[in-house]
Amino acid sequence: MLTINFETDCAVLGKLYAELKIDIPVSGSNFLLREDGKPIGLMRVEIGDFVRITHFMLLKEHLNYENREFFLRAMMFKFSLNTYPLAADGDVEELKKFGFVFDGERTVINSADINLHGECEGKK
């Protein structure tokens with residue numbers, strides 16, 4: 001079963017950062033996608049002027065459309081429950097189906113405006 005949780009355990013995060021080849025110290029706010037309790041994916045955010053998504057990654061052996069879409073949609077739901085500016089650096093096409101727009105520097109949205117009704121674009 002897939003689950004998502006906020007994680008603060010540096011040992012768990014350090015191991016996953018290493019497996020995902022994230023070459024920065026454990027920091028920020030980290031949300032994990034777990035399959036049957038095992039961490040298989042990470043969304044890392046930094047909180048400042050924006051809640052900024054810095055990493056969204058899954059382990060290679062678990063990287064498929066279904067896992068990625070589940071994780072992304074669940075996180076968009078979590079973010080939509082509060083109101084704050086949400087962003088990802090660059091022009092992130094994958095976020096546009098949720099209503100994000102590219103402002104020339106980052107892909108942004110007010111979290112309360114996230115569109116969770118966007119179509120899934122996967123295998124048919």
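Every heavy atom of this structure was used, including side-chain atoms; hydrogens, water molecules and symmetry mates were not.
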**Q** Quick check for you: to the nearest 0.5 Å, what is the distance between Leu81 atom CG and Met76 atom CE?
**A** 11.5 Å

**Q** Decide salt bridge (Lys or Arg N to Asp or Glu O under 4.0 Å) for Lys21 and Glu19; before the verdict, give the C-alpha distance in whole Å, the side-chain angles of both, and the deciding distance to 0.1 Å.
**A** CA-CA 5 Å; Lys21 297 179 179 27; Glu19 289 178 287; over 6 Å; no

**Q** Can you confirm whether Phe70 sits close enough to Met75 that some side-chain heavy atom of one is under 4.5 Å from a side-chain heavy atom of the other?
**A** no

**Q** Report the distance from atom CG of Leu32 to atom CD1 of Ile40, rounding to the nearest 0.5 Å.
**A** 10.0 Å

**Q** Between Thr107 and Phe102, is there a donor-acceptor pair closer than 3.5 Å when you use the side chain of the first and the backbone of the second?
**A** no

**Q** Is it the case that one hydrophobic cluster holds both Val101 and Leu72, taking links as side-chain heavy atoms less than 4.5 Å apart, direct or via other members?
**A** no

**Q** Taking Phe31 as the starting point, is it possible to reach Leu58 by hopping between hydrophobic residues whose side chains are less than 4.5 Å apart?
**A** yes

**Q** Nearest 0.5 angstrom please: Ser29 OG to Ile53 CD1, how far?
**A** 12.0 Å

**Q** Please answer whether the main-chain N or O of Tyr84 pairs with a side-chain N or O of Ser111 as donor and acceptor at a distance below 3.5 Å.
**A** yes

**Q** Answer yes or no: is there a side-chain heavy-atom contact under 4.5 Å between Leu116 and Lys97?
**A** no

**Q** Checking Met43 against Phe79 for the side-chain contact (heavy atoms from CB on, under 4.5 Å) test, could you report, in this order, the C-alpha distance in whole Å, the side-chain angles of both residues, the deciding distance, and whether it holds?
**A** CA-CA 12 Å; Met43 180 179 280; Phe79 290 139; 3.7 Å; yes

**Q** I would like to know whether Ile22 and His55 meet side-chain contact (heavy atoms from CB on, under 4.5 Å); could you show each step before the answer?
**A** CA-CA 9 Å; Ile22 298 174; His55 295 82; 3.7 Å; yes

**Q** Could you tell me whether the side chain of Asn67 and the main chain of His62 form a donor-acceptor pair under 3.5 Å?
**A** yes

**Q** For Phe77, look at atom CZ and say whether over 12 heavy atoms of other residues, nucleotides or ligands are found less than 6.0 Å away.
**A** no

**Q** For Ala112 and Thr83, work out which heavy atoms get closest and say how close.
**A** CB-OG1, 3.5 Å

**Q** Salt-bridged, Glu93 to Lys96, with N to O below 4.0 Å?
**A** yes

**Q** Might you confirm whether atom CG of Asp49 has over 12 heavy atoms from other residues, nucleotides or ligands at distances under 6.0 Å?
**A** no

**Q** Quick one: does Leu2's side chain get under 4.5 Å of Arg34's, heavy atoms only?
**A** no

**Q** Any ion pair linking Glu7 and Arg44 (charged N to carboxylate O, less than 4.0 Å)?
**A** no

**Q** Would a 4.5 Å heavy-atom cut-off, applied to side chains only, mark Pro39 and Leu33 as touching?
**A** no

**Q** Working to the nearest 0.5 Å, report the span between CG of Asn64 and CD of Glu69.
**A** 11.0 Å

**Q** So, Tyr17 versus Asn30: side-chain donor-acceptor pair below 3.5 Å or not?
**A** yes

**Q** Is there side-chain contact between Leu95 and Ile109, with heavy atoms separated by less than 4.5 Å?
**A** no

**Q** Using 30° and 60° as the class limits, which term best fits the ring planes of Phe71 and Phe56: parallel, tilted or perpendicular?
**A** tilted

**Q** Taking atom NZ of Lys15 as the centre, does the number of heavy atoms from other residues, nucleotides or ligands within less than 6.0 Å exceed 12?
**A** no

**Q** Measure the spacing between CZ of Phe100 and CG of Asp113 and express it to the nearest 0.5 Å.
**A** 10.5 Å

**Q** Taking side chain as C-beta onward, heavy atoms only, is Leu13 less than 4.5 Å from Leu42?
**A** yes

**Q** Decide whether Leu20 and Val26 are clustered together by the hydrophobic rule: side chain heavy atoms of Ile, Leu, Val, Met, Phe, Trp, Tyr closer than 4.5 Å, transitively.
**A** yes

**Q** Atom CG in Asn82, atom CG in Leu86: separation rounded to 0.5 Å?
**A** 11.0 Å

**Q** Determine the minimum heavy-atom distance between Val51 and Ile47, stating which atoms define it.
**A** CG2-CG1, 4.4 Å

**Q** Considering non-hydrogen atoms only, spot the tightest contact between Ala88 and Arg106 and give its length.
**A** O-CB, 3.2 Å

